[in-house]
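Reminder, nothing fancy here: chain letters follow the sequence lines and each chain counts from 1.
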Amino acid sequence: MTIDVAHQGGAVPASSRRRRPGLLRRIVQNRNDYAYIAPALIVMALVIAYPIYYTVELSFFKTPANLAMDQKIFVGLDNYWTILTSKSFRDVTYNTLIWTIFSTFFAYVLGLGAALALNREFVGRGVLRAVLLVPYVISAVAASYVWKWLYHSDFGVIGALSVQFGFTDRPINFLDNIYTALPAIIVVNIWKEFSFAMIMLLAGLQTVPDQLLRAAQVDGANAWQRFWHVTMPHLKGVSMVTILLLVVTNLNSFIIPWIMTGGGPAGATDIWITQIYQLAFGRIRFGLASAYSVILFIVMMLLGYFYVKALTRGDEAKSE
Amino acid sequence: MAEVVLNEVVKSYGNVYAVNHVSLTVADGEFVALVGPSGCGKTTTLSLVAGLNEITGGEIHIGGRLVNDLDPKDRDIAMVFQNYALYPNKSVFKNLAFPLQMRKLSKAEIERKVMSAAKVLDIVHLLERKPRELSGGQQQRVALGRALVRDPRVFLMDEPLSNLDAKLRVQMRTELKRFHQDLQATVIYVTHDQLEAVTMADKMAVMNGGFLQQYDSPKNVFGNPANMFVASFVGSPAMSLIPLEAVTHGSDVALRSPEGWEMPLSPQNARKALGSTTSKVVLGARHSTVRLHQAETPGAVPGVVYTVEPTGDITFVQVFLGDAVVIVSLDPSFVVEPDQKVWIEFDQERIHLFDGATEKALPAA
Amino acid sequence: MSTQTASKPAPMPATPVRTRKPIDWWRWAGRGILAFLLIFTALPMAWMVITSLKTQLAALQYPPQWWPEEVTFENYLRLLSPNNAIGHEFLQYFWNSLYVSILSTVLGVVVAVPAAYAFSRFRFPGRQALFFSVLLRNMFPAVVFLMPLFLMMKWLGLVNTHGSLILTYLTFGLPLSIWLLKGFYDNIPPQLEQAARIDGATRFQAFFHIVMPLSSPGIIATAIYAFIMAWNEYVYALTFLNSKEMLTLPVGLQRFFAEYATDWPGLMAASFIMSVPVVVLFLVLQKYFVRALTEGAVKS
């Protein structure tokens, strides 16, 4: 019989050395387990990992218009230089920022309002929630055409309504005006995605303990104080994630501007993604478009860093 | 039924040993309890026997057959889990039938065996229900039934009673004991509740930190704990342990406290104390062997009452001897007050002495 | 004493009113927001339906007919009858979309289920990599993958085939599917499989008989999410497909619009038909879809 009470203490420092066996050895040891994930890994390597690498590679080359990539020419950082010094880059970046910031802000605020209003029992709550979610579910292409029709310069219902209520004398041509085109498509984007924020925040609201709200009520907090001191702190984590996901989605959005305005009029709604698509498949400049993608990619990485931080901060808070 | 032999069994994760060179033999038809605090390795040991965890080193034999590399399904064992692990999407009948289906028994045979097990456990009226529609005690019976239907060679039970309320637990304890006696089954039973082990098991294996501390009958584990850990783990309230120093005055040996009082030892205890690797000796005493005096008594040592806990038929009193605590059980008619100065007398025949350095029980020399 | 009772009635009713009033105000504010959002959400969809019930002539009027003077289902009939050219073309797009979406969803689930199960149950190096691939997938614009994938599909000879879309959709759905399903498997106690294995099941049987049925809500959630994403996807379909008979609905709709530029009622009817499968799927399986959306963010 072995009796070694002192060894109990010895187990603790040993756990910090758990990573000692080499990576390769551990992979070989677990080779059966890898069979489960092999199919997923293979397609992901093929369709996700490899293209990322290839985009970075292409960004250093001048690519021929016939896409025969064996004829590509190494140009170093030329593509980056071309993009960063062009005037259009500045304008497009400006549009992208406006598009992203306003879409995200209003989608979040409307989503929060809807979530708070829906976070109590009333007749028709489920139906209402479902109806509000429909724009998020339907195709952005269909949504774009529906709104294009609503905004139609001659027969659009929005123009007709604004005349009817006496806001304007004539229907406004929303999508062909460089001042109204970007706001008009931002409205469509908010319409499409505010319910995403709503559903996330609604799920977040379920994590607010009822007891805490009741305790605050007993302590004499009014509705606003309860919202600000009890509900909002609980929504912080979900809000961070929601806002970051909205920002990323908006930076990546393509369909609404592409279908509704195609970047026009006069580039007033041109954002990074439409610009990249135009460069790649309009002008067949894959190298330049790749460099553009890499720039976007770096911005995304920075955002991703904050995203991970936001997520892990939530974890730390939980473990405390 | 079969004998189970563990020989130098090791389970390690990297450099962390969950089970460290454990050897024990469970005889055919024996009920063995694996006890210890959480994280002591008892559940891991059970999983190794079941084949749910891969063994790192050593050998496990069931019924004379080496099972190290056998799948759980080929070991012919049954297991009852702490949370019962009933299949939530299957009815009680199908839960009981599942092990038989997996063994490809005929429909009629399955029906017959499930019904007879259900009758034994008195759950016939529950057969069409889903697990979530059952009470905790009923789920427990179904879990037992699922183990019972196919008369395995060994029953493994992982804290099967810990999710039940106190009253039901006592009732199920008697039923389990009865069930073991009727079937003459080999049972390995994991629990953190030493009382369960003491009341049900033929033998108990006390584990701590992955090591087997003591493997013996409950009577011997209680009466002759092998070390300080076993002494403090088995018995409720726990054995009082008082760290002291052995001093010699000519041929007499006494234990001296940091406060300065001395307690002379009987010749037999003196020989034990001298066997300690250092002069540090720990005195152990169960509450029932300690006497409390209101006035100074020869051979008794001074202390101060800390708390008085009446439990009905016995009153427990905690007394501080310097920094150490001694628990004394008294008749409820005996009146003591907190902060009262009292004298404690130990029964030389029934005290335990431990080596202060190795924490092992000091053997009679 | 009498002065106190006399002065009391005045503030007394005021206090309860003052404490109740803010609550009412909040409730009304909530109703106001919901009413506004309901109008904002429903009006465009309502106008889509109304327009789709008009003749072309009735649609192109100013001021608009708020309700069609003459309700017609002709736009729908034209799109759904295989006998005329427009209907033939539209139905072809519809079946293409259905085929691509269903196949990529099914294959995606088949690949994701074992991977998610492994990530939930086994410990091996690279578990964190999954988390990052989910992030990566969310972070990168579709366009970043577009050029290299286009070149790769060209090289594989998959350009202008549905295979290219199926492979792309199933892969892009994978990180999220695995992540979601892993959450479901994490909630299934491993003791159930252990019990099954002791009861005589192999690892695969334990998974198939016990774990799979329990994870079906997760599989449904993942599948509808993947289906809706595939059904609505536009950019890859736009780039990878070029012949008319291969197009999926989103791209087909655009082409349809380019050809019949002024047929707004027809376009609205097409948009409506295109939305029907996903909206029905969403309404029927709403709770699963919501779970798919919120699971990762709220829990992690």
Side-chain angles (χ1 to χ4, degrees), chain A residues 23 26-27 30 33 36-37 39-40 43-44 47-48 51 54-55 69 110 113-114 116-117 128 130-132 134-135 137-142 145-147 149-150 154-155 157 160 191 199-200 203-204 222-223 238 241 248 252 254-255 273 276-277 280-281 286 289-290 293 296-297 300 304 311, chain C residues 22-23 26 30 33-34 37 40-42 44 47-48 51 60 62-64 111 114-115 117-118 122 124-125 133 135 137-141 143-145 147-149 151 167-168 171 174 178 228 232 234-235 239 250 253 257 264 267-268 271 274-275 278-279 282-283 286 290 293-294 297-298 300:
Chain A
L23 180 72
R26 281 184 295 148
I27 289 176
N30 296 308
D33 301 349
Y36 288 80
I37 56 166
V43 286
M44 270 158 49
V47 178
I48 297 179
Y54 200 53
T55 302
M69 285 303 156
L110 289 179
L116 289 171
L128 193 55
V131 171
L132 294 184
V134 167
V137 175
I138 65 169
S139 144
V141 174
Y145 280 120
V146 169
W147 277 89
W149 173 232
L150 290 169
D154 299 321
F155 313 111
V157 73
W191 180 82
I199 212 70
M200 295 287 274
N222 63 30
V238 186
V241 174
V248 167
N252 287 347
F254 172 73
I255 299 178
I273 301 289
I276 293 173
Y277 192 85
F281 294 95
F286 271 35
S290 293
S293 299
L296 181 52
F297 169 93
M300 294 286 176
L311 281 177
Chain C
I23 300 171
W26 272 77
I33 291 171
L34 290 179
L37 287 175
F40 179 49
T41 304
W47 194 243
M48 165 178 78
T51 306
L60 301 180
Y62 184 86
V111 176
Y117 177 72
F122 310 144
F124 42 67
S133 72
L135 287 185
R137 168 65 201 102
N138 280 340
M139 288 292 153
F140 290 113
V143 170
V144 169
F145 299 95
M147 290 172 281
L149 276 182
L151 294 174
L167 180 62
T168 309
T171 311
L174 270 185
I178 295 175
I228 290 176
N232 289 340
Y234 170 74
V235 187
T239 313
L253 202 66
F257 176 71
W264 285 99
L267 191 64
M268 290 301 109
S271 298
M274 178 176 166
S275 306
V278 283
V279 172
F282 158 70
L283 290 178
Q286 203 192 139
V290 168
L293 268 185
T294 54
V298 179
S300 67

| task | Tell me, please, which residues at least two apart from C/Ile33 pass side-chain contact (heavy atoms from CB on, under 4.5 Å). | result | C/Leu37
| note | Scored by heavy-atom pairs under 4.5 Å with chain A, the best of C/Pro114, C/Gly30, C/Pro250 is C/Pro114
| request: Determine the option with the most heavy-atom pairs under 4.5 angstrom with chain A, choosing from C/Ser271, C/Pro44, C/Ser275, C/Ala42. | output: C/Pro44
| What do the steps show when you test A/Ser139 against C/Tyr234 for side chain to side chain donor-acceptor pair (under 3.5 Å), and what is the final call? | CA-CA 9 Å; A/Ser139 144; C/Tyr234 170 74; over 6 Å; no
| query | Going by heavy atoms in the side chains, are C/Phe145 and A/Val47 under 4.5 Å from each other? | reply | no
| request: Would you check, one step at a time, whether the test side chain to side chain contact (heavy atoms under 4.5 Å, CB included) holds for C/Trp47 with A/Val146? | output: CA-CA 8 Å; C/Trp47 194 243; A/Val146 169; 5.9 Å; no
Looking at every heavy atom in both [X] and [Y], which two are closest together, and how far apart are they?
X: A/Ile276; Y: C/Met147; result: CG2-CE, 4.4 Å
X: A/Pro51; Y: C/Leu149; result: CG-CD2, 3.9 Å
X: C/Leu34; Y: A/Ala117; result: CG-CB, 3.5 Å
X: A/Ala40; Y: C/Ile178; result: CB-CD1, 4.0 Å

Please classify the contact between [X] and chain C as side chain, backbone, both or neither, with a heavy-atom cut-off of under 4.5 Å.
X: A/Leu116; result: neither
X: A/Tyr145; result: both
X: A/Phe286; result: both
X: A/Trp191; result: both

Proximity breakdown for [X] and chain A, heavy-atom pairs closer than 4.5 Å:
X: C/Phe40; value: both
X: C/Met274; value: side chain
X: C/Ile228; value: side chain

| message | Could you check whether any side-chain N or O of C/Asn232 sits under 3.5 Å from a backbone N or O of A/Val137, counting only pairs where one atom can act as donor and the other as acceptor? | response | yes
| How far does CG of A/Leu150 sit from OG1 of C/Thr51, to the nearest 0.5 angstrom? | 7.5 Å
| Between C/Trp264 and A/Trp149, what is the ring plane arrangement, given parallel below 30°, perpendicular above 60°, and tilted in between? | parallel
| message | Using a 4.5 angstrom heavy-atom cutoff, name the option from A/Ala140, A/Ala114, A/Ala280 with the most pairs to chain C. | response | A/Ala114
